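One structure is given here, and the rest of the page talks about it.
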Amino acid sequence: SLRVETVNLLNPIISSVKETYYFDKKLVKYEYRPQVNDLSPYGTGSDLIEVHDFHSGVAYVTDRNRGNCSSKSIESSDFDVRTDGPTTVRLRNSKEFFYFDIASSNCLTRA
């Protein structure tokens with residue numbers, strides 16, 4: 001797992017997310033609090049837990065304060081996703097997370 005902080009320079013806001021990966025189970029868990037400018041459909045005052053289940057293609061979002069849970073399809077634009085066909089997504093592997101797959105192919109084409 002890791003913690004990522006992002007800084008929005010236009011609106012001086014720092015946000016963070018804790019990411020935990022379970023590659024063997026094809027699960028990813030994000031723990032975060034949406035910021036005011038995020039336009040989150042889940043609001044901005046509560047800590048959220050979002051779990052991506054790549055076995056089913058479903059993402060579950062739980063509000064820690066209220067306890068309610070919503071489900072949605074995992075979107076192909078999410079950071080942890082690679083498309084695997086026109087309607088299928090899969091969890092990125094370790095080389096893809098750090099873009100080593102792109103770096104090694106760029107090195108080969110330059111040689």
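Only a predicted model underlies this, so the values are computations on that prediction, with no experimental measurement involved.
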To the nearest 0.5 angstrom, please state how far the [atom1] atom of [X] sits from the [atom2] atom of [Y].
{"X": "I49", "Y": "D63", "atom1": "CD1", "atom2": "CG", "answer": "9.5 Å"}
{"X": "K25", "Y": "L91", "atom1": "NZ", "atom2": "CG", "answer": "13.5 Å"}
{"X": "K26", "Y": "S56", "atom1": "NZ", "atom2": "OG", "answer": "11.5 Å"}

Does a side-chain heavy-atom distance below 4.5 Å link [X] with [Y]?
{"X": "P34", "Y": "L48", "value": "yes"}
{"X": "S1", "Y": "K18", "value": "yes"}
{"X": "R92", "Y": "D80", "value": "no"}

Donor-acceptor under 3.5 Å (D53 side chain, H55 main chain)
yes
Does R90 use its side chain to pair, donor to acceptor, with the backbone of V81 at less than 3.5 Å?
no
Would you call E19 and R3 a salt bridge, taking side-chain N to carboxylate O under 4.0 Å as the test?
no
Check ion pair R33-D47 (N to O, under 4.0 angstrom)
yes
Between [X] and [Y], is there a shared hydrophobic cluster once you connect ILVMFWY residues whose side-chain heavy atoms come closer than 4.5 Å?
{"X": "V58", "Y": "F23", "value": "no"}
{"X": "Y21", "Y": "Y32", "value": "yes"}
{"X": "Y30", "Y": "Y60", "value": "no"}
{"X": "V17", "Y": "V28", "value": "yes"}
{"X": "Y22", "Y": "F54", "value": "no"}

Are more than 12 heavy atoms from other residues, nucleotides or ligands located less than 6.0 Å from atom NZ of K72?
yes
Might you confirm whether atom CZ of R66 has over 12 heavy atoms from other residues, nucleotides or ligands at distances under 6.0 Å?
no
Can you see whether T83 engages S76 through a side-chain donor-acceptor pair at a distance of less than 3.5 angstrom?
no
Tell me the closest heavy-atom pair linking A59 and I74, and the distance in Å.
N-CG1, 3.8 Å
Take E50 and K29, measure what salt bridge (Lys or Arg N to Asp or Glu O under 4.0 Å) needs, and give me the verdict at the end.
CA-CA 6 Å; E50 185 167 337; K29 179 173 72 170; over 6 Å; no
